[in-house]
Amino acid sequence: MQPILETRNLTKVFHRGSLLARDRIVAVDNVTFSMQRGEVFTLAGESGCGKTTTARMILGFEQPTSGEIIYGKGEERWHPRVWFSQRIQAVFQNPFETFNPLRKVEGYLFETVNHYKLASSKAEAEELINSKLEAVGLSYGEVAGRYPSEFSGGQLQRISIARSLLVDPSVLIADEPVSMVDASIRMSIVNLFRRLRDELDMGILYITHDLATAYYLGGQIAIMFRGNTMEMGPVQEVLTNPRHPYTQLLRESIPEADPEKKWRGRISIAETEQEEYLREGCKFAGRCPQVMEICKKQVPELVDVDGVQVKCHLYVDRGSVHEEVS
Ligand code: SF4
């Protein structure tokens, strides 16, 4: 089966500081993954790991420094422009920022219908909008004439998802979509993603720091740290049997694979983020409980260990080297 979305050695470099003392920050370093239709692929890691920069490159908001992004190969309706504008849609973290408080919510939905010429009359547009709102558990009658302040965060996020669905996307990029909504309705949004995956056969790129919801959504996961993929494979395998010391540490931060519970928060955002990005060798060496001398000098290779790719010197003799895509 052809992947619906693929990245090959995707890399983004930023430069920080003055001309005389410039730091080269590799925010995304040779990230390679592929995603199928009807599959959730999760990019997970703490803040500043490179997951959102990866998503921004896929969405065309950032230009990659090097590497490739391949969209919808084998798709009947494939065309570069159509893919960028229609086949790939995004839902962002804060639903309150998505909507102008002074503008009625339905205006956004009609705007999308008009922009993509999805209906030839107001009645047809209303019918289409209603069908997409129903797909997320709402209806046009509940939304019509109302302002953003009249909805909860969860409802606004659903409306945002319905808006994305208007163009029948093949891929939905969901960037921390539940982190700003109440815990009580978080699971209903996560369940909605499961339903969209199954019923609409959509690929969902789920970006999160929340391993519990990632586990619940299933599919594949890439654990990222300072721009690098540290571990990648089937989500159940990676999270129940983590091989990489960083995944192990992250895994200890959630009580069980219970999506109702929050992280205990043992992982804090490193104050030394920049230092870690600039570190030679393994980026995790400064915090790794199993650090060795070689880790401080040499970047580990990504190796395949029983179907899971792991980037750690502990596994170099136990796995086969994962070939970089050329
Ligand atoms: Fe720890 Fe070394 Fe593995 Fe990095 S390469 S995660 S420092 S053991």
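Remember, it's 1-based here, ligands and their atoms both numbered in the order they're listed. The chain is numbered in sequence order, starting from 1.
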Check: By number and element, which atoms of ligand 1 are closer than 4.0 Å to a non-hydrogen atom of Cys295?
Finding: 2 (Fe), 5 (S), 7 (S), 8 (S)

Margin query: As an exercise, identify every atom of ligand 1 less than 4.0 angstrom from a heavy atom of Gln290.
Written below: 8 (S)

Note to self: Could you check, using the six-membered ring where one of them is a Trp, whether Tyr206 and Phe41 have ring centers closer than 6.0 angstrom?
What the structure shows: no

Note to self: Using a 6.0 Å cut-off, check whether atom CD of Glu127 has over 12 heavy atoms from anything other than its own residue.
What the structure shows: no

Next item on the list: Could you list which atoms of ligand 1 come closer than 4.0 Å to a heavy atom of Leu314?
Entry: 8 (S)

Next item on the list: Specify side chain, backbone, both or neither for Cys312, according to which of its non-hydrogen atoms lie closer than 4.0 Å to ligand 1.
Entry: both

Check: Between the side chain of Lys283 and the main-chain N/O of Tyr277, is any donor-acceptor distance below 3.5 Å?
Finding: yes

Notebook entry, point to check: What's the shortest distance from atom 4 (Fe) of ligand 1 to any protein heavy atom, and which residue and atom give it?
Noted result: Cys282 SG, 2.4 Å

Notebook entry, point to check: When you measure from atom 5 (S) of ligand 1 to every protein heavy atom, which one gives the shortest distance, and what is it?
Noted result: His313 N, 3.3 Å

Next item on the list: Taking only heavy atoms of Cys288 into account, list the atoms of ligand 1 that are under 4.0 Å away from them.
Entry: 1 (Fe), 6 (S), 7 (S), 8 (S)

Next item on the list: Please examine the side chains of Arg287 and Phe225, heavy atoms only from C-beta on, and report whether any two atoms are closer than 4.5 Å.
Entry: yes

Note to self: Which of the numbered atoms in ligand 1 are under 4.0 angstrom from any heavy atom belonging to His244?
What the structure shows: 6 (S)

Check: If you draw the axis of the six-membered ring of Tyr216, does the NZ or CZ of Arg194 fall within 45° of it and under 6.0 Å from the ring centre?
Finding: yes

Check: Do the side-chain N and O atoms of Glu176 and His209 include a donor-acceptor pair separated by under 3.5 angstrom?
Finding: yes

